[in-house]
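Counting convention: from 1, in listed order, for ligands and their atoms alike. The figures that follow rest on heavy atoms only: side chains count, while hydrogens, waters and symmetry mates do not.
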Amino acid sequence: MRIPFSLSFLLLVSISLFAQDSSKLELWYKQPAANWNEALPVGNGRLGAMVFGNPVRERIQLNEESLWAGSPVEANADAAAHLPQLRKLLLDDSIQQAMDLAEKTLRSKPMRIRSYQSLGDLFIDYFPTSDARPKLENYVRKLDLETGIASSSYTIEGVRYHSEVFASAPANCIVIRIRTEQPNALHARVSLSREQDAMVVPDGEKGLLLQGQILDLPDEDAGPDGLHMKFAAKLTAMHSGGSVQAVNNSLYVKGVSELVLYLTAATNYNLQLLDMDPAINPTQRCDEILKALPASFEGIKAAHVEDHASFFNRVALKIGSSAARLTPTDERIKKVKAGGEDIDLAVLQFQYGRYLLMGSSRKPGVLPANLQGIWCKDMNAPWNSDFHTNINIQMNYWPVESANLSEAFLPLSDFVDLLRKPGRVTASKTFGSRGWTVNHLTNPFGRTAIADGVSWGTYPIAGSWLSLHLWEHFLFTRDTAYLRENAWPVMKESAEFMQGFLIKDKQGYWVTAPSTSPENAFKLPNGKVFGLTYGATMDIQITRALFEACRTASSILKTDKKFARALAAIEKELPPVRVSKRYGIVQEWIHDYEESEPGHRHMSQLFGLYPANQINRQHPELFAAARRTIERRLEYAKGGTGSYTGWSKSWIINFYARLFDGDKAWSNLQDMQRYLTLPNLFDDHPPFQIDGNFGLTAGMAEMLLQSHTDTLQLLPALPAAWPNGSVKGLKARGNLIVDMEWKNGRLVELRLQAGAAYTGVVEVAGKTKKLKLKKGEQLQWRP
Ligand code: FUC
């Protein structure tokens, strides 16, 4: 009798060291993933998979980007009629009464949204070829960032297995190949499953079909219950040698030499509708995708690698010694935790951020990267794995342009465009204004109403912040058609919302009301703590940034001149950003309040330092106050979470880069490596949250190159620990591709390639040089 061998056999693992290639950008391990945080992600923007590399019971956890619980709901409170009174109370500093009124009038219904969900799992149970206790040898597991292939190789009882998994964008499916070096040695059961709402049946001789529909259970706070999103996943097997037979929910694989599995999935979600679409049949979609597959595995793999490389290989970064790559990734993290320094690990993390962004936000996908990108094992994920719009989704896209992946921005661009429709209802019903907006979170069903409570969820500035990302896409690409057709309508409508939303305070400044400084709260002298206010510093900074962008866009497009003049007039009467008399920090609220949580993870009043460009060296007092703000947050957060949260730490890297303090940026990056990095290099909020990965990538790019002013700054925040290095393919605003090499902390070579006509100034080590390049022109400079 053949017995399936169990995990305990892994105790017999014996390892012989592999010749690892230190020139490769790989995550690698000497053992299978013991849990999800050790599994390795592949993604094509639409489908994601987490590969465990288990030689006994392989698990490949699956995701499809649009598989969300819930349904569209009109949740907005009819608050507009109460706004004048609420505003009066806020401006009078009668905050308790304002809060009481807000609780009655602003609360939307339902209050919460439902979760993004896992699609399910593919399991491969391997059967031994002999009754003897199997021994696992020469095990290695990898994720090659340059090819996007997760692989494992090992020997069991003399049989050598090789497995490869990738998510192909051209083929629109997940591809798994397992082969044994000895012929006809593969025996396994391949099964599909999902813990709820689905069933699996054979699909022809050699295929499986998983079909389901999300059943949302009654939960008044989270919206209507019932049968909602429909979904399907289809698996088809090809093999050489032996036999494959579909039975029940499994494929019975016997005596095969090479097994190739193609898996695709679909839902009945329709982005254009921000809703499920009864006209879409997910099973049929899967059929169409699988029928269109090219015949050969080798052809599909070659097309995948070529496509992947065309994005990934645009940027090359070398700092520190790549000899560290000879050590498995998890051991590198352990060494760093023990106090070691591993600069090349940061290089890997930088590139991993790029890898994850292209894996979770690109065609054939249509939705932007959520709190976990696309990779989520749960049915009820932390924070629903949603689109958080009070920093998290914005942070996801911070590296998209500078790390040269502009196309990966388009899903967010399209989504924001479509969000205007429900956003108009929120603008008028909740905030009595025209234009559109969204509050602190959203989902694929276009939730724009306040969610999660009044203090937490009231964040009407989010639409303006998101609109600024469309402007940034233009600044980096200089694509005027995009500006005219895509960015401008969204920006303009955001500015219109702000125009209608701003009110004059008693000092004669235009302010937002109601307003919050995300998730932080202030303490009144009587000890009471509130979040709701008017004119929080971040709101004012975002408004200023948006209006400035709109004015510039209007002059580029030669349109809406009157509108631009009206915005300019408001800008002049926005409150200034102030320095707190209490601690010399940038004041977070309109009044110099005491913070209730001085070590808070959000540092919203520094929006003007990063991502915006309002707190800079032209304002030395604010510049110094910004530094002090970060220091104070970190002092209070010590040992706790607060600004030691993954994404928060990564924001700090960006701040220090903008403060030209490379050493501090690097030491905070090292903190991330030590305390906030999971074995698979996922950012640990905790738990896993992907924004920190993206914030880190953006931060490293910002340390090496800055282009937010008229001056292109080269190596503006190079840490002493990175004296030598080179980078190729970073992108600066103006569509400039920048290659640099530095030695002993000094730039020795610069190459610029202009994707658009460029006029500006370049600065390195305090020296400046004028630049004028024609589109397509290249410049090489050895300073
Ligand atoms: C905000 C943050 C939390 C978390 C959540 C998804 O609420 O303050 O830290 O990132 O979003």
Query raised in the report: Does one side chain, of H602 or N520, offer a donor that lies under 3.5 Å from an acceptor on the other?
Result: no
Which donor-acceptor pairs under 3.5 Å do the side chains of residues 604-615 make with protein atoms, sequence neighbours left out?
{"residue": "Q605", "atom": "NE2", "partner": "V586", "partner atom": "O", "Å": "3.2"}
{"residue": "N613", "atom": "OD1", "partner": "N616", "partner atom": "ND2", "Å": "3.0"}
{"residue": "N613", "atom": "ND2", "partner": "H708", "partner atom": "O", "Å": "3.2"}
{"residue": "Q614", "atom": "NE2", "partner": "Q541", "partner atom": "O", "Å": "2.9"}

**Item:** E74 atom CD, neighbour heavy-atom count above 12 within 6.0 Å
**Value:** yes
Scanning both residues in full, the closest heavy-atom pair of Q61 with S118 reads NE2-OG, 2.9 Å
Note to self: Counting only heavy atoms not in K337 (residues, nucleotides, ligands), do more than 12 fall under 6.0 Å from its NZ?
What the structure shows: yes
For ligand 1, list all ligand N or O to protein N or O distances below 3.5 Å, rounded to 0.1 Å.
{"residue": "ligand 1", "atom": "7 (O)", "partner": "E519", "partner atom": "OE1", "Å": "2.7"}
{"residue": "ligand 1", "atom": "7 (O)", "partner": "E519", "partner atom": "OE2", "Å": "2.5"}
{"residue": "ligand 1", "atom": "8 (O)", "partner": "E519", "partner atom": "OE1", "Å": "2.3"}
{"residue": "ligand 1", "atom": "8 (O)", "partner": "R601", "partner atom": "NE", "Å": "2.7"}
{"residue": "ligand 1", "atom": "8 (O)", "partner": "R601", "partner atom": "NH2", "Å": "3.2"}
{"residue": "ligand 1", "atom": "8 (O)", "partner": "H602", "partner atom": "NE2", "Å": "2.8"}
{"residue": "ligand 1", "atom": "9 (O)", "partner": "R601", "partner atom": "NE", "Å": "3.0"}
{"residue": "ligand 1", "atom": "9 (O)", "partner": "W647", "partner atom": "NE1", "Å": "3.2"}
{"residue": "ligand 1", "atom": "9 (O)", "partner": "H685", "partner atom": "NE2", "Å": "2.6"}
{"residue": "ligand 1", "atom": "10 (O)", "partner": "N392", "partner atom": "ND2", "Å": "3.2"}
{"residue": "ligand 1", "atom": "10 (O)", "partner": "W647", "partner atom": "NE1", "Å": "3.0"}
{"residue": "ligand 1", "atom": "10 (O)", "partner": "H685", "partner atom": "NE2", "Å": "3.3"}
{"residue": "ligand 1", "atom": "10 (O)", "partner": "Q689", "partner atom": "OE1", "Å": "3.4"}
{"residue": "ligand 1", "atom": "10 (O)", "partner": "Q689", "partner atom": "NE2", "Å": "2.8"}
{"residue": "ligand 1", "atom": "11 (O)", "partner": "H388", "partner atom": "NE2", "Å": "3.4"}
{"residue": "ligand 1", "atom": "11 (O)", "partner": "N392", "partner atom": "OD1", "Å": "3.4"}

salt_bridge(E597, K523) N-O dist < 4.0 Å: no
